[in-house]
Every structure is written in structure tokens, then in C-alpha cells.
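All remarks here apply to the structure that follows.
A note on names: the letters A, B, ... follow the listed sequences, proteins ahead of strands, and every chain is numbered from 1.
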Amino acid sequence: MVQDSSWNSDDDLDFEIDNFQSSPPSSSSHVDTSSDHMFAKLVDMGYSVDVIARAIEENGPNAETCAIIDTISTYSMNCEASSSKTNTVAHFIAMGFHEEKIIKAIHEHGEENMEQIANALLLSSEVSGDMAEEEDIDWSESDDDDEKDPESFDSCTQLRHMGFSALEASLAVQRCGDDVSIADLADFICAAQIAREFDEFHTDPEEQKPRQNINKRRIVPRRDPITSANAQPLSLPNPMVGFGIPNESVFITHRSLPAIARGPPYFYYENIANAPVGVWETISRHLYDVTPEFVDSKFFCAAARKRGYVHNLPISNRFQIQPAPKLTIQEALPATRRWWPKWDPRTQLNCILTVHASAQLTKWIRSALEAHPGEPPEATKRKVIEQCRRWNLVWVGKNKAAPLDADEIESLLGFPRNHTRGGGISMTQRLKSLGNSFQVDTVAYHLSVLKPLFPDGINVLSLFTGIGGGEVALHRLQIPMRTVVSVEISEVNRNILRDFWEQTNQRGRLIEFEDVQELTNEKIVELMKRVGGFDLVIGGSPCNNLAGGNRVSRSGLEGEQSSLFFEYCRILEVVRETTMEMRRS
DNA sequence: GCGAACATGAATACATTA
DNA sequence: TAATGTATTCATGTTCGC
């Protein structure tokens, strides 16, 4: 039940926005930590008394308003409390609109007509110019120049004549650049509006914060060629825990997702973290400036796998699929325990690659160790451990180190046993396919947020499917796959996915393509109309030309295979545009 | 022709030391 | 702070045997 507003003064609005930003209030800000006052304010915001009481109880009577709002939003994410109406109000408040006008718009258009409410609010703010963001954003901080160029101003004027607000128009020009057509700018704004609507219940509270400093960095049009000269350095986190890992709440963090990046559809892109300098800057720039989430799978299983993920998924309320894998070699591969030398300090494996060590190497290790009946000399130990690390060898007998077999790799990567076995696949191909795949537990952790959002199933566009790491993750999360359109060049991998589909009695449709280039724009539109659109576009494009192990053609994103990343971008863009068109009609 | 086995460094990040 | 050392890396191309 939404109550009448009693805090619609500009001061109060500023206070709320400050709190949404999680920034410490300035000394001049009006901050009232009295729980009574806060209670009244939250009631005014439309939250139910029960929910507020519960949140205050959880956070303590001295908690700040933002903490309480976060908690309440968490309840709504969990579908346990909070009505959709309160979320609607909070959502538009977070966008910077006055509550009084929000309530009025809801009364006029009905709560379910989010788009009409948004339009009414935008129109209202256009007339009165009272959107908080417009007052807060310092447009002069663009480092291109201090004055708006006439062309941008013309675009803004035209957009405003089309009915968009000054804020929307300015933002669109800033984000897309000056050389973009009015039609494209209008599309950009519509995309953002639809995304906000769609994201109402799907993003965490932090992601819904107004980005007051959105223009305080250089905005490079996405279509610009990226060169090493203009790429901003993107450092890898240490420890590589992304936006959070299971059971380590100290690492749980929040992020600001650019408005243009918000779904629908959700997208999830993966590639190796240790790519040549500048590659991730380019990837991020082409995927709507979304900050990559770099995660090492050593926090999810007994093997390292440093990967970057660019996605627009919510990051609150992630959960791990069970049973959680063992995190040490000795626990994951208990048979090795008996033979593990005390002088080998490894407890986790390095990244699982596509090839394994030669028999010559394991033979050399055995000979080197058998040459010394007792403990080997330090130099020998060092050399053996170095090779064991290099080739991920484990101890399978006395003085006997061996590469992992395919079954063990399947287990470490989170695949069902024998996932890649059978169907005439050779061991070499099996190892290659596994070495190129996702670590399922890691990906599932990120995708887990989709489970409450798609209880009736999900339509997936799976690019560079490989052996189906994404599909296995969704299956293990028990998210029904209504449709999977899979694109995979390798016949062997396609067979593996098809086997998985049949073996697990999937009820949905599996539609297969060989080549991403076969998936023309027209074909994508046709497919989307056929299956009802895609909810998730997932894939990791080839890393051949990025990987450190490649001594021959590590040529970066322009390489023969790795340049297929741009196909991912093309396809994603078509899916997004078509999604918007389908929602309009 | 196919699969298995094998030899083939360098780019990069991070830690240590002077 | 710069130099040096250490660790890591979803690989490719060639040869050989069946």
C-alpha cells in the first residue's frame, strides 16, 4: 500500500539519492538517524510496516536508511516480501523522480503499465525540469571539451522535440557519440527505458542507483576502433574473486551497470583473463562498457582457471550448485593422497589445458627420483615440481607422476561423468574439448540469479557452445531450458551436447547451427520470432589467439579465431534490437 | 587419413631484491 | 623505484605409427 508522500522536498530527495549512492553524507546534508523518522520515511516511500520492521530488526536501530532499503530490496529479490507496488515506487525514486509524481502516474496509468508511467514521468520532468539527476550531474566535466559542440546540441534539441527529456537526450549523445543518427540515439533511449522497466525486479539495489558521475570519464563511442593508444588499462584483481565468491562474504561487492547494458536480454561472455594487453578493454568497450568480472575457478574447484566474464546479470543472491566441489587436489582426487611426496607443496592444480605431458617427461621424473633412494636433492625436487606445475601432473604411484585423465578433468570442471565419453570421440579430441570449456560451478554461480527470474524456463542463444558448459550449468541449477539455439563449429562437440540433451531428458528444443556466420541477422530475427525471443545470450569466443600457450599465432583479438568475438557482438546487438522491436509491437 | 606423441617460447603478472 | 627472478598459460605444428 503506497502512502501519501510527505518528504517530497528537494532536500529530502537529495538525501535519498545520497544514500542510494552509499556515499558518506556531507556535513551540510540533513541526516537523521532516528529510527522513528526513518520508519516514517520508509512508510512514505511505500514500503509496508511489516517489511520495514523486519529490516530494521535485522540491521539494528542505528542502521542507515540505505542499509534498510538494501535489505528490503533483498526481500523483494527473494520474492518473500514487499509488494510490486512498493518496488515500482522505489524503482522510479531510484531513477530520480519525485515520489508524488510517481504515485500520480501510477494512479493515472495503472501500476502494470510501466512504460506509460515512465513516459509520463519523463514528460513531467521535461516540463518542470525537476529531475534530480539533471541538477546533480556536472555536464561540464566531459574531458572532450568544456563546451557542448553545436552538433551534439542539435541532436539533443531534435531528441527533445521527439519527446525525450533533456537528460535522456544528453546522455544518449554522450554515450553514443556525435556521429550517430537521430534514429540510433532514439533507439538507445528506448533501450534504456525498456531495460529499466525490465530490470525493476531483476537487479540488485546497487545497480539501480542513479549514476551521477556517469559522464565523469571519457566516453568513447562503441563503434570506434580500439587501439592500444586509447585503451584504458584494466588491471586484474588479486585475489581474482570477481564480484564475489561463495562462503567469502568479505569479497561480496556491488557494481554499477551502465543503463544501456541492462537486459533484456541477459548476456554472458567469457574469455581468458590473461589475454594480451588491451584485449579486455576492447571487449568491455564493445559490450556496452560493462566492467569484466575476473574470477579464478580455484575458488570453486581444485583447479585454477582465470577467466574474465562480461555480463549484465544481477549479482545479488547468487548461490552455488550442490554438492560443492572439493577445493584441494588431495580431496578431489583422494587416490593421489597415498603417493603425494611431502616435498610437493601443491594443494591445487593449475589451469587445465588442451594437451597433456609426454610419457617421456613422466619417465624422466621417475628416473630422477629413483636415482635417490631417500629424499631427492633440492635441485631435483625443484625441477620435478616445476614440471608437475607446468603439466598439471598428479602422483599416482611411488615416484610416478601422471597427467590427469579425461574423467578426472570432467569432474574438476563440473561436468557429469562421461560427459565427453563415447560417440567415437578420440582421447586427444576429448582433452581438447574439455580444455576449451567452462568451469561449470563458476558459471553456474553467476547464472544462479536466473533461477527465480525464469521459473517457467528460459530461451538461450548459446554461441561457441563447445561441450555445453552453459547448458550443463543451467541444467544443474534446475533452470528449465525451453529452447537452446546452439552454435558450435565442432561436430564432435555438437554430438556431445546432443547426447547430453538426450541423456538428461530435456523437454525443450535444441536447435543447432555450425557456424556463427551462418547465423545471419535475418536468421536471428526469424528464430526469435519463432521461439519468442531469447532471455540469455551466452558464450565464450575462441581464445586461440589470446592464450599464453600459443607460441605461433598469439595475435590478439584480430587473430583468425579470436576475431569471432566480434560475431558475438554482432549477434548480441541484433538480439537486443529485435527484443526491443518485439516489445514495442 | 587419423590419432597420439612430442617439441616448440614468449607475454604477462607478480614477488623479491638491490 | 627499478631491476631481476619466478610462475603461469582454454596452443600449434610436425612426426610417426597404425
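Residue contacts shown for Cys543(A) include a base, since a base heavy atom lies under 4.0 Å away. When heavy atoms are screened at a 4.0 angstrom cut-off, Leu434(A) is found touching no nucleic acid atom at all. Heavy atoms of Lys306(A) sit under 4.0 angstrom from primed sugar atoms or phosphate atoms, though from no base atom. As judged by a 4.0 angstrom heavy-atom cut-off over every strand, Ser562(A) is placed among residues making no nucleic acid contact.
The partner of dG9(B), taking Watson-Crick or G-U wobble pairs whose two distances both stay under 3.5 Å, does not exist in any strand shown. Summarising the base pairing, dT16(B) is matched to dA3(C) through a Watson-Crick or G-U wobble pair whose two defining distances lie under 3.5 Å.
Residue His356(A) is the one, among His356(A) and Pro276(A), whose nearest nucleotide of DNA chain B lies closer to the 5' end (criterion: closest heavy atom). Between Ala547(A) and Leu361(A), the residue anchored nearer the 5' end of DNA chain B, judged by the nucleotide with its closest heavy atom, is Leu361(A). Of the residues near DNA chain C, Glu386(A) and Arg305(A), the one whose nearest nucleotide (by heavy atom distance) lies more toward the 5' end is Glu386(A).
In terms of modelled atom types and a separation under 3.5 Å, the side chain of Asn271(A) and the main chain of Gly308(A) share no donor-acceptor contact.
Comparing the C1' positions of dG9(B) and dA7(C) gives an interatomic distance of 15 Å, to the nearest angstrom. Rounded to the nearest Å, the gap between the P atom of dT8(C) and that of dT8(B) is 22 Å.
Residue Asn550(A) contributes atom CG, which lies 11 Å from atom C1' of dA11(B) at whole-angstrom precision. Look at CE on Met240(A): it is 7 Å from P on dC14(B), rounded to the nearest Å. At whole-Å resolution of the value, CD in Gln429(A) and P in dA4(B) are 10 Å apart. One atom, CH2 of Trp391(A), and another, P of dA7(B), lie 9 Å apart when rounded to the nearest Å. The CZ atom of Arg551(A) sits 16 Å away from the P atom of dT8(C) (whole-angstrom rounding). The distance from atom CD of Glu560(A) to atom P of dT12(C) is 10 Å, rounded to the nearest whole Å. Spacing between atom CZ of Arg346(A) and atom C1' of dT8(C) amounts to 13 Å, rounded to whole angstrom units. Atom pair Arg554(A):CZ and dA11(B):C1' shows a separation of 5 Å (rounding to whole Å applied).
Taking the ring axis of Phe243(A) as reference, the NZ or CZ atom of Arg318(A) does not stay both within 45° of it and closer than 6.0 Å to the ring centre.
Out of dC14(B), dT8(B), dT12(B), the shortest distance to the side chain of Val277(A) is found at dT12(B). Nearest nucleotide to the Ile272(A) side chain, out of dC10(C), dT8(B), dA13(B): dC10(C). Considering only side-chain atoms of Gln360(A), the nucleotide from dC6(B), dG13(C), dC10(C) that sits closest is dC6(B). Comparing atom distances between the Val552(A) side chain and each of dC14(B), dC10(C), dG13(C) picks out dG13(C) as nearest.
Contact between the side-chain N/O atoms of Asn544(A) and the OP1/OP2 oxygens of dC10(C) is not found at any separation under 4.0 Å. The phosphate of dT9(C) has OP1 or OP2 within less than 4.0 Å of a side-chain N or O from Asn350(A). Residue Ser426(A) places at least one side-chain N or O under 4.0 Å from the OP1 or OP2 atom of dA4(B). Contact annotation: Thr354(A) does not reach the phosphate of dC10(C) (side-chain N/O to OP1 or OP2, under 4.0 Å).
The shortest non-hydrogen separation linking Leu564(A) to Ser541(A) is C-CB, 4.3 Å. Closest of all the heavy-atom pairs between Asp344(A) and Trp395(A) is OD2-NE1, 2.8 Å.
Judged purely by distance below 3.5 Å, without hydrogens or angles, the side chains of Ser462(A) and Glu471(A) pair a donor atom with an acceptor atom.
His311(A) pairs with exactly one of Tyr269(A), Tyr268(A), Tyr445(A), Phe267(A) by the ring pair (Phe, Tyr, Trp, His ring centres under 6.0 Å) rule, that one being Tyr268(A).
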